Each structure stands twice: as structure tokens, then as C-alpha cells.
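Please read these numbers as outputs of a predicted model, since none were measured by experiment. Quick note on labels: first sequence line is chain A, next is B, and so on, each numbered from 1. All heavy atoms count here, side chains included; hydrogens, waters and symmetry mates do not.
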Number of protein chains: 4
Amino acid sequence: MDNKRKKRKKIIEVSLKLFVERGFHGTPTSMIAKESGVATGTLFNYFKTKDILINEVYKDIELEQQNYFFKNLDEEKNSKKKLKKIWENSIIWRINNPYKRRFGRYFSDSSFISDDTKIEIYKHYKPLSDIFTKIIEKKGIKNSNELMLILNFIGACIFTGEYFYIMKEPYNEKISNESFEKFCKGIGLKDED
Amino acid sequence: MDNKRKKRKKIIEVSLKLFVERGFHGTPTSMIAKESGVATGTLFNYFKTKDILINEVYKDIELEQQNYFFKNLDEEKNSKKKLKKIWENSIIWRINNPYKRRFGRYFSDSSFISDDTKIEIYKHYKPLSDIFTKIIEKKGIKNSNELMLILNFIGACIFTGEYFYIMKEPYNEKISNESFEKFCKGIGLKDED
Amino acid sequence: MDNKRKKRKKIIEVSLKLFVERGFHGTPTSMIAKESGVATGTLFNYFKTKDILINEVYKDIELEQQNYFFKNLDEEKNSKKKLKKIWENSIIWRINNPYKRRFGRYFSDSSFISDDTKIEIYKHYKPLSDIFTKIIEKKGIKNSNELMLILNFIGACIFTGEYFYIMKEPYNEKISNESFEKFCKGIGLKDED
Amino acid sequence: MDNKRKKRKKIIEVSLKLFVERGFHGTPTSMIAKESGVATGTLFNYFKTKDILINEVYKDIELEQQNYFFKNLDEEKNSKKKLKKIWENSIIWRINNPYKRRFGRYFSDSSFISDDTKIEIYKHYKPLSDIFTKIIEKKGIKNSNELMLILNFIGACIFTGEYFYIMKEPYNEKISNESFEKFCKGIGLKDED
DNA sequence: CATGAATGAGACTTCATTCAT
DNA sequence: TATGAATGAAGTCTCATTCAT
């Protein structure tokens with residue numbers, strides 16, 4: 001029984017790698033099966049179609065990612081610290097999971113991922129928007145555009161991460177923090193907020 | 001002779017649309033040909049292979065985009081104004097060219113685009129890095145990380161643009177400028193710089 | 001397992017016939033598959049490409065042919081008798097296998113057959129050259145040109161066979177032997193040699 | 001007007017080379033046109049179809065070949081000398097025209113050459129059979145098989161020629177003659193015949 | 001006559017999926 | 001449940017031939 005779990009996991013991992021390296025249509029199911037150590041027919045016992053398979057890969061990655069992003073968030077008391085935690089977690093996760101990072105980039109927005117899957121995943125980002133809701137409330141910034149704030153945060157975060165990717169450098173807290181502080185300065189977020 | 005130009009243009013446009021909507025392998029060359037109003041064989045007179053075709057689509061988009069981004073840049077005297085111009089141009093371009101925006105997102109980083117093509121395109125972004133070189137010089141910020149500054153700029157710019165995309169709103173100078181000013185405040189860029 | 005053998009054999013036979021009748025490029029793989037009673041895709045499970053297929057056809061023919069040419073050769077004591085055996089075997093084989101005869105004629109020297117295949121096949125003709133080596137030794141004919149002798153033998157043999165082909169007659173030992181004796185007389189090979 | 005002749009000749013020569021090197025279906029008409037220095041469409045002004053083209057190539061080669069084989073034949077008085085002349089001419093011709101030699105080997109018997117063409121060509125070999133008719137008459141060999149004699153001659157002749165081809169040696173009268181004499185000895189043909 | 005862009009049938013080959021074992 | 005041979009629709013690309021210029 002647990003064996004089944006392992007096989008499923010293996011197929012997901014192999015698919016992730018191959019889809020990223022070769023594209024969806026560039027990866028035959030026979031190749032996934034072979035690298036996963038199962039017969040072609042067996043693959044379809046685990047995932048009825050190739051389309052279902054890539055959606056499951058996506059869900060697995062997203063859930064794992066979100067768990068990591070928002071992990072131990074309650075330990076932090078104020079908003080800036082919470083944001084910093086998310087900032088760091090997400091950059092580190094992307095550095096440590098280059099294949100998953102690329103998978104998101106190529107497929108998260110694509111037509112391979114069904115709308116149902118996208119909606120299901122979207123819900124889990126609530127913790128992030130909660131933080132910005134609270135910031136706006138606390139700082140009494142009326143008319144402030146919450147969505148724009150969130151987007152700016154995500155943009156700064158992702159592109160700071162890209163830096164380490166481009167430079168092929170390991171994560172560096174100092175560099176990352178400089179970037180984070182610039183973002184906070186920009187939106188006027190103080191240490192005590 | 002001009003007829004050939006037009007046909008080529010038509011094929012590029014149709015390919016762009018279909019690749020974005022259906023993916024590379026999801027778009028048969030026969031479909032591209034049909035929608036372009038030429039025979040299957042004719043397509044291959046213009047582009048020897050499907051791979052070459054998608055690379056040409058990419059190049060066409062990038063060159064057009066870069067022309068737009070950096071257009072009339074010399075009219076602006078100082079760095080902040082130059083950046084503002086690029087900021088606006090790029091957001092507007094992405095709003096006005098949703099298919100090209102999505103094409104970049106899906107394919108710019110993918111293995112469909114050859115390394116040769118990527119390198120060729122990369123060179124044209126020099127005007128942007130020149131601006132940041134000058135900013136760093138003028139403000140005497142030693143040890144400043146130019147690449148990180150550029151990435152932060154691009155991130156802020158793209159994600160500000162995403163806002164209009166998600167909200168399905170037309171471009172709004174006020175909203176865009178608020179975002180831009182936050183970015184400048186973050187890196188300490190003044191009006192007179 | 002045995003079923004696979006049979007299918008492979010069937011495809012080889014059908015290919016042989018069609019390649020001879022219609023040429024390599026004149027024979028679509030779909031036609032080979034259909035006449036072999038398998039699906040188009042199945043053909044490629046057995047032979048990865050059409051090029052590999054024709055090389056396998058060639059190898060199969062050559063090996064079968066050589067087995068037949070040199071069969072029971074050890075029973076004969078002297079060189080002339082050995083040559084006679086090969087002479088007869090090869091003519092009879094060509095009469096009984098008209099398609100294989102034509103296949104050799106059209107393709108053995110062509111660019112469809114890879115150099116690797118040709119070299120692999122060439123090695124198996126050693127028994128024939130061994131006989132001529134011994135003849136030259138025994139008859140003490142110094143300076144004799146072994147290769148020329150072999151070529152003359154093959155030429156006489158093949159063109160004697162052509163006689164039956166052109167006349168559409170069955171094999172006739174008397175006629176064949178007259179030709180053989182002329183060849184022996186020409187090179188001075190006696191019954192006791 | 002003479003210009004047309006030259007162009008026709010050029011196309012024939014290019015076709016010969018390409019058909020031998022790449023096979024009939026492996027040679028696009030566009031490639032023949034290009035290497036011949038004419039436009040694709042022009043080719044079809046000279047030869048209505050590709051099939052007609054290869055038949056014309058074949059006829060050109062055969063006529064040239066036969067002219068060479070039987071040239072100055074009347075100068076020789078007796079049969080052996082006539083045969084020797086043909087023997088030499090044909091071997092030399094094949095050495096000097098390796099492409100034409102291969103063309104014959106690949107295509108003379110193939111389905112690319114129409115039956116009409118083959119029959120037309122066959123007629124021109126009468127001078128050779130005349131010689132053997134006379135030999136049989138003169139030597140009073142009843143029951144002798146004329147066709148078999150001719151075939152043996154052709155076989156010996158071609159395979160003697162193959163010797164020089166395989167050895168990549170230039171023509172050598174002594175070696176060639178040894179072979180010829182063996183053939184004559186075999187059929188009992190004397191110098192005075 | 002010469003040109004070469006356009007045509008579209010047809011070639012080889014791949015691959016998601018099924019099913020008998 | 002696992003297997004992997006078989007399927008055949010569908011994909012990319014070629015090429016003999018035509019025809020407007």
C-alpha cells in the first residue's frame with residue numbers, strides 16, 4: 001500500500017523534471033514510465049491521462065511551496081517580520097527547487113493547467129493578502145490599493161530571487177535583505193509595523 | 001516582393017496567436033498555414049522548420065518591444081525621467097499587446113528559443129543598464145549592486161503591469177506613477193537625478 | 001515470443017518483395033505495414049527506421065545466401081569439387097530466389113546499405129577465397145592473381161545463372177556444367193586438383 | 001539554338017551524377033535544376049517529367065557506351081581480334097566513366113527505366129552477337145549455345161573490369177589480357193579464328 | 001523561353017492509450 | 001495490479017509539377 005504511494009511520488013518527480021526539460025508534448029509518457037521504473041500501462045493506472053498527470057504535478061508543487069512560504073508564520077508578531085519571513089522562505093525555496101521554479105514559470109499560466117486546478121490553488125494565498133489587509137488598516141492608508149501592494153511585493157521577491165539564479169550564487173541574507181528594505185522603504189513600512 | 005513581406009508578417013502574427021493560445025506542440029503547422037491563408041508547403045518556403053519559425057516570432061516581438069521601450073529616450077534629460085519613460089512605455093506596450101506579453105512569459109525562457117537567439121536579443125537591453133550605471137556613478141553609491149537594481153526595476157515594472165491585466169483595466173497614469181514613485185523612493189532616486 | 005519472430009520475418013519478406021518491385025523510396029512504409037498485416041506504428045516497433053529495415057533485409061538475405069552457397073562444402077575432398085558445389089549452389093539459389101537475386105543486384109552496392117553492413121557481410125566470403133589460395137599453392141602458380149581468379153569465377157557463375165533467368169528455364173545441370181568446365185579449362189584446373 | 005543543346009547536356013550530366021550518388025527519389029528536381037544552373041520550371045521545359053529525364057539519361061549513356069565498345073571494329077580481321085577490341089574498349093570505358101558504370105548497375109535493370117527504353121537499347125548489341133554467330137559457324141560447333149557464350153563473355157569482361165575498380169588501379173593491358181586469354185582458352189578460341 | 005513562388009498530396013515517424021496476458 | 005506489444009490518428013516536412021509574370 002505504501003509502495004503505491006512511493007510509485008506515485010516517483011512518477012510525479014520524474015514528470016516534473018522531464019516536463020521542465022523537454023516540455024509537455026516533448027515528453028512521451030513512455031519516457032516518464034521508463035524513468036519511473038514502471039511499465040507504460042502502469043502509468044495509466046496511477047494517472048488516467050497525461051493531462052491529469054501534469055495537473056497533479058502542478059498541485060503537488062504548489063501545495064509544497066505554499067507550506068514552505070507560510071511556515072512558522074505565527075511565530076512572528078508584526079507585519080514586517082511576517083513579510084520578511086515570507087520573502088526569505090520564497091526566495092530560498094526557489095533557489096533550492098530550481099525545477100519546481102521553472103515548472104511554475106512555464107506552466108502555471110498555461111493552458112495545460114485547467115481552470116479548476118488554478119482556482120483550487122489560488123485560495124491558499126490568503127495568508128499573504130491578510131497581512132497586507134492588516135498593514136493598510138494599521139497605517140490608516142485609505143484608498144490604498146491592496147492588490148497593487150501585493151503584486152509589488154511578489155515582483156520584488158521573485159526578481160530578487162532571479163538575481164541568485166542569474167548569478168548562480170547561493171542565497172545571501174545581506175543582499176536579499178537590502179532588497180527587502182528597499183521595498184519596505186518604498187511603501188513606508190517600518191520595523192514596528 | 002512586397003507581397004512576400006506581407007505573407008511573412010501574416011504567418012508570424014498567426015503563429016504568435018496560436019502558440020500562445022495552444023502551445024507550441026499544440027499548434028500544427030497545418031493550422032498556422034491555413035489561418036495564414038497559404039498552403040502547408042508554402043509555410044516552409046518562408047520558415048524552414050517549425051523551430052526556426054518560433055524563434056523568428058520571438059525575435060520579431062523582442063525587437064518591436066525594445067524599439068517601443070526605448071523610443072524617444074534621448075528627449076529626457078535626467079535619469080529618473082528616462083526610467084519613467086521606460087516604465088510607462090513597457091507597461092503600455094504590454095497592455096496593448098497581450099498576446100506578445102504572454103508569448104514572452106511562456107517562451108522567452110523556454111527551450112524552444114535557441115541560445116543563439118537569446119544572446120542576440122539580450123544585447124539590445126544595453127540602454128537600460130546604461131541608465132543604472134549612470135545613477136550609481138552620480139549618486140556615488142559604492143558597492144551598489146547594479147544587476148539587482150535592474151532586476152528590481154523590471155520586477156516592479158512587470159508586476160505593476162500585471163495589475164492592469166488582472167483588473168482588466170485600461171492604463172491609468174496615476175496608479176502607475178504611485179508604483180513608480182514607491183520604487184524610486186525605495187532606491188533613493190530623486191526628481192533631479 | 002515466437003509470434004514476434006514470425007512477424008519480423010513477415011515484414012522482412014514483404015519489404016524484400018516491395019523494395020525490388022517498386023524501389024526503396026517507391027515503397028511507403030504504410031504499404032509494407034499493411035501487406036505485413038500490422039499497423040503502421042507496429043512496423044517501427046520492429047525496425048526503428050526505414051533505413052534500418054532495408055539494411056536488415058539485406059543482412060538476412062546475405063546470411064541465408066552464404067549458408068546455402070557453402071553448405072556441405074567439407075564433404076568434397078578436392079578443390080575443383082568444392083568449386084563445383086559452390087557454383088551449383090549459387091546458381092540454384094539465385095534461380096530459386098529471384099527476388100533476393102534482384103535485391104542484391106539493385107541494393108548491394110547502393111548507398112541505402114550502410115558501410116557497416118557491407119563490411120559485416122563481406123567477412124563471410126572467406127571460404128571461397130580459401131579455396132583459391134589452396135589452388136594457387138598446389139598448382140605452384142607463382143604470381144597468380146588470386147583476386148582476379150575469384151572475380152572471374154564469380155562473373156562466370158553469375159552470368160551462367162543469368163542464362164536460366166533470361167531463358168526462363170529451370171536449372172539444367174548439363175548446361176551449367178559445360179560452362180563450369182570452360183571456366184576450369186580456362187584457368188587450367190584439373191579434376192584431380 | 002546551340003545553347004539549348006548545351007543546357008540539355010548539362011542537365012543530363014548533373015542528373016547522372018546525382019542519381020548515382022543519391023538515388024532517383026533521393027534527388028529532387030530542384031537540386032538538379034540548381035546544379036545545372038537553370039530554374040526549377042525550366043527543367044520541365046527540357047524534360048516533361050522526372051521519369052522521362054532518367055530514361056533519357058539512360059539512353060544517352062547506353063548509346064555513347066555502345067559507340068565506344070564497337071568503335072573501329074571493322075579494322076580487325078578475325079573474330080578473336082574483334083572480341084579483344086570489344087573486351088578492351090568496354091573495360092577501359094567503364095574505368096574512365098565510373099558514374100556511368102554505376103548508373104548502369106543501379107538502374108539498367110530497374111523499374112525506373114521503361115520497357116520501351118530497354119528494348120530500344122537492346123537492339124544495338126547486335127554486333128556482338130554477330131561475332132559469336134560467326135565463331136560458331138566457323139568452328140562448326142553444333143549444338144553450341146550462343147547466348148551462353150555471349151553471357152560468359154560479358155561476365156568475364158565485366159568482372160575483369162571490376163578488378164581494376166576494386167584495386168583502384170589504372171588499366172593494365174597485361175593483366176587484362178591474361179584474363180581474356182583464359183576466357184578464349186576456355187571456349188577454345190584460337191588466334192587464327 | 002525562363003523564372004521561382006505556390007501548391008497539396010503523401011512520405012516517415014511518434015505517441016497516448018488500450019487490452020490480452 | 002503490472003506488463004508492454006499493438007494501435008492508428010496526427011504531426012512535420014518534402015517535392016514534382018504548375019503558372020503568372
*Which part of the nucleic acid, if any, lies within contact of K34(C), taking any heavy atom under 4.0 Å across all strands shown: a base, the sugar-phosphate backbone alone, or nothing?*
nothing
*Round to the nearest Å and state the distance from M31(C) atom CE to dT13(E) atom P.*
16 Å
_Atom NZ of K118(A) with >12 non-hydrogen neighbours under 6.0 angstrom_ = yes
*Donor-acceptor contact present, side-chain D60(A) to main-chain I12(A), <3.5 Å*: no
*Send over the distance from I52(D) CD1 to dA16(F) C1', rounded to a whole Å.*
13 Å
*With rounding to the nearest 0.5 Å, note down the distance linking NZ in K50(B) to CZ in F24(B).*
4.5 Å
*Looking at K4(B), does any N or O in its side chain come under 4.0 Å of the phosphate oxygens OP1/OP2 on dG4(E)?*
no
*Between Y46(B) and E56(B), a side-chain donor and acceptor under 3.5 Å*: no
*To the nearest 0.5 angstrom, please state how far the CG atom of L53(B) sits from the CZ atom of F112(B).*
12.5 Å
_Is the phosphate of dA5(F) approached by K7(C) (side-chain N or O, under 4.0 Å from OP1 or OP2)?_
no
*Distance in angstrom units between R8(D) CZ and dC1(E) P, rounded*: 14 Å
*Nearest-Å distance, CZ (F47(B)) to P (dA5(E))?*
14 Å
*Value rounded to 0.5 Å, distance of NZ in K59(A) from OG1 in T117(A)*: 4.5 Å
*dC1(E) and dT21(F), which share atom name C1', separated by this distance in whole Å*: 13 Å
*Could you check how far NE2 of H25(B) sits from P of dT12(F), rounded to whole Å?*
9 Å
*At under 4.0 Å, does any side-chain N or O of Y46(C) touch on OP1 or OP2 of dA5(F)?*
no
*asked:* Here's a test of your reading of the structure: between N45(B) and A39(C), which maps to the more 5' nucleotide of DNA chain F?
replied: A39(C)
*So does K9(A) have more than 12 non-hydrogen atoms from other groups sitting under 6.0 Å from NZ?*
no
*asked:* Determine whether Y99(D) and E21(D) satisfy the following criterion, side-chain hydrogen bond (donor to acceptor under 3.5 Å, both in side chains), listing intermediate values before the conclusion.
replied: CA-CA 9 Å; Y99(D) 276 111; E21(D) 281 173 351; 2.6 Å; yes
*Could you summarise the pairing of DNA chain F as dot-bracket text, marking Watson-Crick and G-U pairs under 3.5 Å with ( ) or [ ] inside the strand and | across strands?*
.||||||||||||||||||||
*In whole Å, what is the span from the CG atom of L43(C) to the P atom of dC12(E)?*
10 Å
_Pairwise distance CZ(F19(A)) to OG1(T27(A)) - rounded to 0.5 angstrom_ = 5.5 Å
*Would you mind reading off the distance between K10(C) atom NZ and dA5(F) atom C1', rounded to a whole angstrom?*
19 Å
*Interatomic distance where CD1 belongs to I11(A) and P belongs to dT3(F) [whole Å]*: 10 Å
Between the protein and nucleotides 17-21 of chain F, are there any N/O to N/O pairs under 3.5 Å, and if so, what are the atom names and distances?
unit_1  : atom_1 : unit_2 : atom_2 : d
dT17(F) : OP2    : K50(D) : N      : 3.0

